[in-house]
Structure formats: structure tokens, C-alpha cells
Amino acid sequence: MEVALQMPVDLFTARPFSPRVTEPVPSFEQIVDAHYQGLHRFALSMSRREATAQDLVQQTFLQWARKGHTLRDATKVKAWLFTTIYREWLGIARHEKKHEEVEFDPDMHGSTHPDDDTPPRVDGTTLHAALEQLDADHRAPLVLFYLKELSYREIAETLGVPIGTVMSRLSRAKDRLRAILRRLEDSASARIHPATFKPRPAP
Amino acid sequence: MNRDEARLELDATTLRPQDASAEARAMARGDPALGAWVENRTAFDEQCAEAFATAAAPVALRDEILRAAPRPGAEKPRARWFKPAFIVTAAAAACIIIGWFYFSPASSSMPAWQADSLAAMFKIEHGMARLDERAPDLEAVKKILAATSSPSPTRLPVVLSALGTYGCKRVQIAGRPATIICFKLDRGREAHLVVLDNKDLPDMPPQMQPRFSSSKNWHIAAWTDGDQSFLLATTAGEAVLKKLFS
């Protein structure tokens, strides 16, 4: 009885129910405005097709509209969206058997020059062309990295891989991207100045 | 952290240097070759990020998203907190009702004024009712009661009178004004005293002789002193209660 009588004391002195999230979750429209551009860039880089990219973005926000209210931590919205769109893309890629492995081939893509002091020139079109030549396992972390939205820890969380794996994939992906860009640059030079173009010497 | 590990981490944070550990940053500062390498990588990454940001999503996409997706704002958040809050409220209400019937010492078999007194004490004991006034001892309580013409004990057992108090509360017992005084016992426990004018009070306890009884885990003493009747009750135990009359 003594123990039982203590119960009402705790009950009546207990704080009223309060949700764990103190920071209010932004409105649906605010979330769309803040993230649809980044999500679209990521989706386009992964799917390589505008229509698919738009579908992925729409599907992601549809998921958010249905399930986003279960997210307790407002600071995790961004990571939630990128994780969701990546999973959506994986589903499509598996379904369409498009999740091809485009392993980097030095003969095809050129050698890596990770410590080259003069990095290749980059513009939007060339960059996208170069990214398309990376395999998905390297392209995904690199695109998320260039979006600057997520830390490498969040990228690891989004892609469902260990942090160490993300770091090593990022490093390799950058090396490969440089090499591809260098090759594209050389090819462009050869087209513009065919007489003066000389292939890069092997390292 | 060795140089290769630092290199990997710094390479993964060129665009968000704040994410790099202090150790990795310190290694870059202390190693000119590593620092130069990071600078080179950063320049390239910034160029790529800038080029990457030039690709804009189709203008219509935003509107399509907003048009297609059901808005979660109106209903879902409410459902998120409303349901648990309702359950908590219902559970609290159920606990109060159960607690009241199972643990309240008030009983229909006892005189009405005693049942009312115990019910009022039970509320104070469990925080359902607050004291009107805080006061450290009986003298201070009496001053407050005198100022408001509330029932105030003329005479009490010596041991009880010497106890410290939490304060008092004015209540209605069996339709008449009464006062509850809360005394401090050892180990944070309490004894509650009801004092009221006993004119025409049915079932008046004996004069100057405490009548002891118990209900649930409450131990009770009731007595009359002239035109005042008293009921003293505590959950601290029978021995503790009787000691107050020694």
C-alpha cells in the first residue's frame, strides 16, 4: 500500500506531455523550397534522365508528405530526404537493371593524376559528362559532396555505408573525375587544334 | 591519426572544413606538403561544386510537387501529438479515479465530518490540493488564521504543538468552515490536523481523549476540546501518531 500510494504523487507532479522536438519542423512548402533543387541535381546525376529525376524528386516529397510527420528531429529533414531519394533511385535502378558498374578503366578514361598541380578546367556541361562516366558507387557520394548539403558523416548515413568507405570512395572518385576531365579537356583541345595536339605522356 | 587518415578526412571535408577534426587540421598546418595538397584539392572541389550548382531544376517542378503532394500540415502533426496526449490524459484520469477509490481513507461507514476531513487531507497529501498559506510553525499558522477569522486550535497536545508546519488550508467540512494544518514529521512525512467548531456536530469524538482508528494505511486520532473538534491523521504509522499524544 505504501508503494502504491507513492504513485499518484509522481503522477500529479509529472510534467505535462510535451513533444521531444523543440524546434518546429518547417512547413511542407518551406521544405520543398529549401531542398528540391539539390534533390533534383542528385537525382539527375544518378538517373541521368530528366524525367526520371523529376519523378524521383516528386516521389520523395510525396513520401515526406505521408511519413515526414514521424520524424522527431527537425534537423534531420535534409538527411531524411536524401536518404529517401537515394533509396527510391536504387529501387528504380534495380528494377530497370540500370545500376551498372562503370568501373574506372585507365586505358579508357586516362590515368589518374591525383597530385597534379594544375587541375583541369570545369564547367557544368563537362562536369556532368564526366560524372556520368563514374560508377554509381562513386558517383553518389561525390554528387552529395559537391552539393555541400551534407557532411561526410551524413553522406555515409544517407548511402548506408560506413564513414571510412565514404571517405575512400570520395577520394577515389575525385581522382577519377580529374582524370576523366583531363581526358575530356585533351579531346576538346585535339578537336580545336588537331595539328598541335599531342597525347599526354604516360606517367 | 596517421598522415593517410588525415589526408582522407581532409579530402572529404574540403568544401565543409568545419567538419574536419582538429587533429586532421593540425596535421595539415604542420605538414606543408599536406597543406599544399589540401589547397589544391579544395580549389578543384570548389570549381566542381560551382559548376555543379549551375544546373537548375525545371521551373515547373516546384509547382508540380506542391500540387501533387498532400499537405501534411493540417492533420498529421495534430495526430502525432494529439493521440498520445489523449492517452496520457485518459490514463491520468483513470489513475486519479482508481487512486481515489482504492487509496482514499474516506469511507461511508465513518461520520460524515471525518470522511470529509480525510478526503481533504488525502488531496493535500497527494498534491491534488494546495495549501492556502505557508508557515514554518504553529504560532505563525495561528496568526494567519486569526487574521482571517478561520477556525484555529485553542489548545493542542504539547508534542504536536512543537512540530514544524508546512502551512494551512481553509476548507468546508460537513458544510461548516474548518482549517487543515499540515505538520512536518520525520523523513519528510506529514500529519494533517482538521480543526472545526463542533456546535451541533453529529458523532462528536470524546472530550480530551483521542479516539484512535485507521482506514486504509491512514492512522487517525479524533478528539474534542471544548467547542472545537479535531481530527489528526497520518500515513507515517500508528506509533508515530500515538507518540504525538505522549
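Note on naming: letters A, B, ... go to the chains in the order of the sequence lines (proteins, then strands), and numbering restarts at 1 for each one.
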Inset, instruction - Identify which of A/K174, A/H40, A/H128, A/K67 forms the greatest number of heavy-atom pairs closer than 4.5 Å to chain B. - result: A/K174

Legend entry - Per-residue contact mode, A/S45 against chain B (heavy atom under 4.5 angstrom): side chain

Inset, instruction - Could you tell me which portion of A/V166 (side chain, backbone, both or neither) has an atom closer than 4.5 angstrom to a non-hydrogen atom of chain B? - result: neither

Legend entry - Euclidean distance, A/K148 NZ relative to B/T14 OG1, rounded to 0.5 Å: 9.5 Å

Inset, instruction - Give a yes or no on this: more than 12 heavy atoms of other residues, nucleotides or ligands lie within 6.0 Å of atom CZ of B/R3. - result: yes

Inset, instruction - Measure A/L131 against the heavy atoms of chain B and call it side chain, backbone, both or neither at under 4.5 Å. - result: side chain

Inset, instruction - Please list all pairs passing the salt bridge (charged side-chain N to carboxylate O under 4.0 Å, His left out) test where one or both residues lie in residues 75-92 of chain A, with sequence neighbours left out. - result: A/K78-A/E149

Legend entry - Contact summary for A/S171 and B/L8, nearest pair of heavy atoms: CB-CD2, 3.6 Å

Inset, instruction - Compare all side-chain heavy atoms of A/M167 with those of B/D11 and state whether any distance is below 4.5 angstrom. - result: no

Inset, instruction - Taking all heavy atoms of B/A49 and all of A/Y146, pick out the closest pair and write down the distance. - result: CB-O, 3.6 Å

Inset, instruction - Identify the two heavy atoms, one from B/T54 and one from A/G124, that lie closest to each other, and give their separation to 0.1 Å. - result: OG1-CA, 3.9 Å

Legend entry - Minimum heavy-atom distance between B/A57 and A/Q37, given as atom pair plus value: N-OE1, 2.8 Å

Inset, instruction - Please round to the nearest 0.5 Å and tell me the distance separating atom CG of A/L181 and atom CD of B/Q47. - result: 9.0 Å

Legend entry - Contacting region of A/E50 [heavy-atom separation from chain B under 4.5 Å]: side chain

Legend entry - A/L142 portion near chain B, given a 4.5 angstrom heavy-atom threshold: neither

Legend entry - Side-chain donor or acceptor of A/R41 paired with backbone N/O of B/A53 under 3.5 Å: yes

Legend entry - Donor-acceptor pair between B/D19 and A/Y152 side chains, under 3.5 angstrom: no

Inset, instruction - Check whether any side-chain heavy atom of B/R67 sits under 4.5 Å from a side-chain heavy atom of A/Q58, and report yes or no. - result: no

Inset, instruction - Identify the two heavy atoms, one from B/L61 and one from A/Y36, that lie closest to each other, and give their separation to 0.1 Å. - result: CD2-CD1, 4.0 Å

Legend entry - Nearest non-hydrogen partners of A/L150 and B/R16, listed with the distance: O-CD, 3.5 Å

Inset, instruction - Could you tell me whether B/R62 and A/E29 make a salt bridge, using a distance below 4.0 angstrom between a side-chain N and a carboxylate O? - result: yes

Inset, instruction - Give the intermediate values and the outcome of side chain to side chain contact (heavy atoms under 4.5 Å, CB included) for residues A/V122 and B/F52. - result: CA-CA 9 Å; A/V122 186; B/F52 194 62; over 6 Å; no

Inset, instruction - Please look at B/E9 and chain A and tell me whether the side chain, the backbone, both or neither of the residue comes under 4.5 angstrom of a heavy atom of that chain. - result: both

Legend entry - Heavy-atom side-chain contact between A/F61 and B/L66 under 4.5 Å: no

Legend entry - Note: B/D45-A/R178 ion pair, threshold 4.0 Å (strictly below): no

Legend entry - Within 6.0 Å of CG in B/D186, more than 12 heavy atoms from elsewhere: no

